[in-house]
2 protein chains.
Amino acid sequence: MVGQLAADSIERRSGVSLWRQIADKILHAIAIGDFAENAALPPEVALAERYGVNRHTVRSAIAALVQEGVLRAEQGRGTFVLSRKRLSYPIGARTRFSAGLQGQASERHTVLLTSSVEPASQRVAEGLGLARGTDVIRLETRGEADGRPVSRAAGWFEARRFAGIDAAMTATGSITVSLARFGIDDYLRQSTMLSARHADAADLADLDLQPGAIVLVTVSVNVTPDGQPIQFSESRFPAERVELKLSAL
Amino acid sequence: MVGQLAADSIERRSGVSLWRQIADKILHAIAIGDFAENAALPPEVALAERYGVNRHTVRSAIAALVQEGVLRAEQGRGTFVLSRKRLSYPIGARTRFSAGLQGQASERHTVLLTSSVEPASQRVAEGLGLARGTDVIRLETRGEADGRPVSRAAGWFEARRFAGIDAAMTATGSITVSLARFGIDDYLRQSTMLSARHADAADLADLDLQPGAIVLVTVSVNVTPDGQPIQFSESRFPAERVELKLSAL
DNA sequence: TATAGTTGTCTATATCAATAGACAAATTTA
DNA sequence: TAAATTTGTCTATTGATATAGACAACTATA
């Protein structure tokens, strides 16, 4: 006996199919460490009995997770866990992407996907303390750990002050280093709003998720030590691969 | 024109039904303030066209939200928004339940549901720095704002040190005040782990949710100013009614 | 080698989810 | 009052979801 899946029941006529709910439960069990890497899942008939559903329904759930790269099924042997526990992503006053993931993933980096200049929307202007419509630079980035996307972020900077930050980001691959080129040696996370929702079409593509997944969303403002706003950002994290560790803000 | 719903598409064959996805989108739009209280939703045919689905599918989504108490439909007139924006629940070093919700809800309180003594599980023991199996008191509470549940928490305290905290909680209705009776004038949130998942059967009952809803889950340890653990807790928040505001120390 | 245990595939059936169209009922507006 | 707009109800059909049972294919082990 290796792992223990939650025995609580599942909901019918909920708008969420039974196989999706069971897949979520298996993901959760793996995420909290109920199954070690390469551990065998209970046989399909046992899972079916535990959740009170047909074996084929369990198979649908497993098929989705195999498709997702979480499980590996071997005929005659069993079904095995491929992926490790969720990454624990730190959120704090001095959160820096790669620093906090040390020891959890052997390889990690941030990719700049697109950059553009646009007029500040209402919320971006509010966050940065600018007039609405002021030109801002938008950087779209993706954070990856061991080749899997673990975050997708959009960051906005005042265009006049940070002209060329997109090039710096491309060259250095780091927001922190890029900001240093503009004389920002230190910055703090001023405020963070946190919510969760179902992944939409953009999330599915950006984070390589399967439909029905859940994303955590943070909206935050970074400021200099003297309180001057420099960056407004919205980040999305796949809840099945990441949990957030709130440290001293 | 009053509100603006996200134009992005919805996912078919995802394990999450179209009506559930549309209900989620409407909830989100209300939550971020796209619709004022008592504002009219676009007519069903308009919504159906926007999402590329049949009118009856939109009606299923609306029916679920009416059932949930979020919308009110009036034949011949339209469909109207009942509930306000999400509560912004503060999470910080000194988070106290009711203090942070001032101004967002006219009435708020914490109800003690059950209390019991049990041997500490592995994670509770770890969090409190006790040996596994040590007796701990478990308090189950529900936070309500304007009559609607906004949180459901389980808190564990060392039984020997905090004997009678359940009675104090019943009498005072406040964890903070109860702890003061044991000489704890101040305490800090040491660490918080944050995740999100689909609501299970217990969440549905505890938080008065509809199947398919999403809950935010925090697991945290409170300590005295000199670092001594006093409380281990797990809280669940309905993502459709609450967002978390991570504040500074 | 035989047997038990496991995943894979097939057929069949019932129920839920989604589409389609028509019209009724209530409200607002011209 | 008449017309336009909107929600409510009904029937019918299609596709996805879930159940049920049987058996094949593969693996490990007695």
Side-chain angles (χ1 to χ4, degrees), chain A residues 1-3 5 9-26 35 38-67 70-82 198 210-212, chain B residues 1-3 5 9-26 35 38-67 70-82 198 210-212:
Chain A
M1 179 55 182
V2 181
L5 281 162
S9 58
I10 51 186
E11 299 294 318
R12 289 167 190 265
R13 295 180 211 80
S14 71
V16 182
S17 62
L18 301 185
W19 64 261
R20 176 82 266 172
Q21 293 181 59
I22 292 172
D24 283 349
K25 281 193 187 300
I26 294 173
F35 293 99
N38 291 318
L41 225 60
E44 295 169 348
V45 280
L47 290 174
E49 192 180 4
R50 174 170 303 172
Y51 293 121
V53 301
N54 191 272
R55 178 179 158 230
H56 295 294
T57 306
V58 169
R59 283 183 59 74
S60 295
I62 289 175
L65 297 178
V66 168
Q67 182 66 24
V70 174
L71 298 177
R72 166 178 42 92
E74 291 182 29
Q75 184 169 352
R77 300 222 315 134
T79 304
F80 302 90
V81 175
L82 280 174
H198 281 124
Q210 295 300 112
Chain B
M1 181 55 185
V2 180
L5 281 161
S9 57
I10 51 187
E11 300 294 318
R12 290 167 189 265
R13 296 180 211 78
S14 70
V16 182
S17 64
L18 300 186
W19 64 261
R20 176 80 266 174
Q21 293 182 60
I22 292 171
D24 283 350
K25 281 194 186 300
I26 294 173
F35 293 98
N38 291 318
L41 226 60
E44 295 168 348
V45 280
L47 291 173
E49 192 181 4
R50 173 170 304 171
Y51 292 121
V53 301
N54 191 273
R55 177 180 158 229
H56 294 295
T57 305
V58 169
R59 282 182 61 75
S60 295
I62 290 176
L65 296 177
V66 167
Q67 182 67 24
V70 174
L71 299 177
R72 165 179 43 91
E74 291 183 28
Q75 185 170 352
R77 301 224 314 136
T79 304
F80 303 90
V81 174
L82 280 174
H198 280 124
Q210 295 300 113

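Throughout, protein chains are lettered first and strands after them, A, B, ... in sequence-line order, and every chain is numbered starting at 1. Note that the structure is a prediction, hence the values are computed from the model and not measured.
- At least one donor-acceptor pair under 3.5 Å links the side chain of B:Gln21 to the backbone N or O of B:Glu11.
- The nearest pair of heavy atoms linking B:Ala61 to B:Ala23 is CB-N, 3.7 Å.
- Residue B:Ile62 contributes atom CD1, which lies 12 Å from atom C1' of D:dG8 at whole-angstrom precision.
- B:Val53 and B:Ile22 get closest at one heavy-atom pair: CG2-CD1, 3.8 Å.
- Regarding B:Leu41, its CG atom lies at a distance of 16 Å from the C1' atom of D:dT5, rounded to whole Å.
- When the side-chain nitrogen and oxygen atoms of A:Arg77 are compared with OP1 and OP2 of C:dG5, none of them lie within a distance under 4.0 Å.
- To the nearest angstrom, P of C:dT7 lies 13 Å from CZ of A:Arg72.
- Other residues, nucleotides and ligands contribute only 12 or fewer heavy atoms inside 6.0 Å of the CD atom of B:Glu49.
- Neither OP1 nor OP2 of C:dT6 sits under 4.0 Å from any side-chain N or O of A:Thr79.
- The minimum heavy-atom distance linking A:Phe35 with A:Val81 is given by the pair CB-CG2, 3.8 Å.
- With sequence neighbours left out, the side-chain hydrogen bond (donor to acceptor under 3.5 Å, both in side chains) criterion links B:Ser17 to B:Trp19.
- Taking atom CD of residue A:Gln21 and atom C1' of nucleotide C:dC16, one finds them 14 Å apart after rounding to whole Å.
- One finds a side-chain N or O of B:Arg59 lying less than 4.0 angstrom from the OP1 or OP2 phosphate oxygen of D:dG8.
- Rounded to an integer number of Å, the gap from B:Tyr51 OH to C:dA18 P is 15 Å.
- C:dT7 atom C1' lies 13 Å from atom CG of A:Leu71, rounded to whole Å.
- In this structure, A:Gln67 has no side-chain hydrogen bond (donor to acceptor under 3.5 Å, both in side chains) partners at least two apart in sequence or on a different chain.
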How does protein contact run along nucleotides 11-23 of chain D, one letter per nucleotide 5' to 3', with B for base contact, S for sugar-phosphate only, - for none, heavy atoms under 4.0 Å? -----SSSBBBB-
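- Atom-to-atom, CD of B:Gln75 to C1' of C:dT27 comes out at 9 Å; the value is rounded to the nearest Å.
- A straight line from CD of B:Glu44 to C1' of C:dA24 spans 14 Å, rounded to a whole angstrom.
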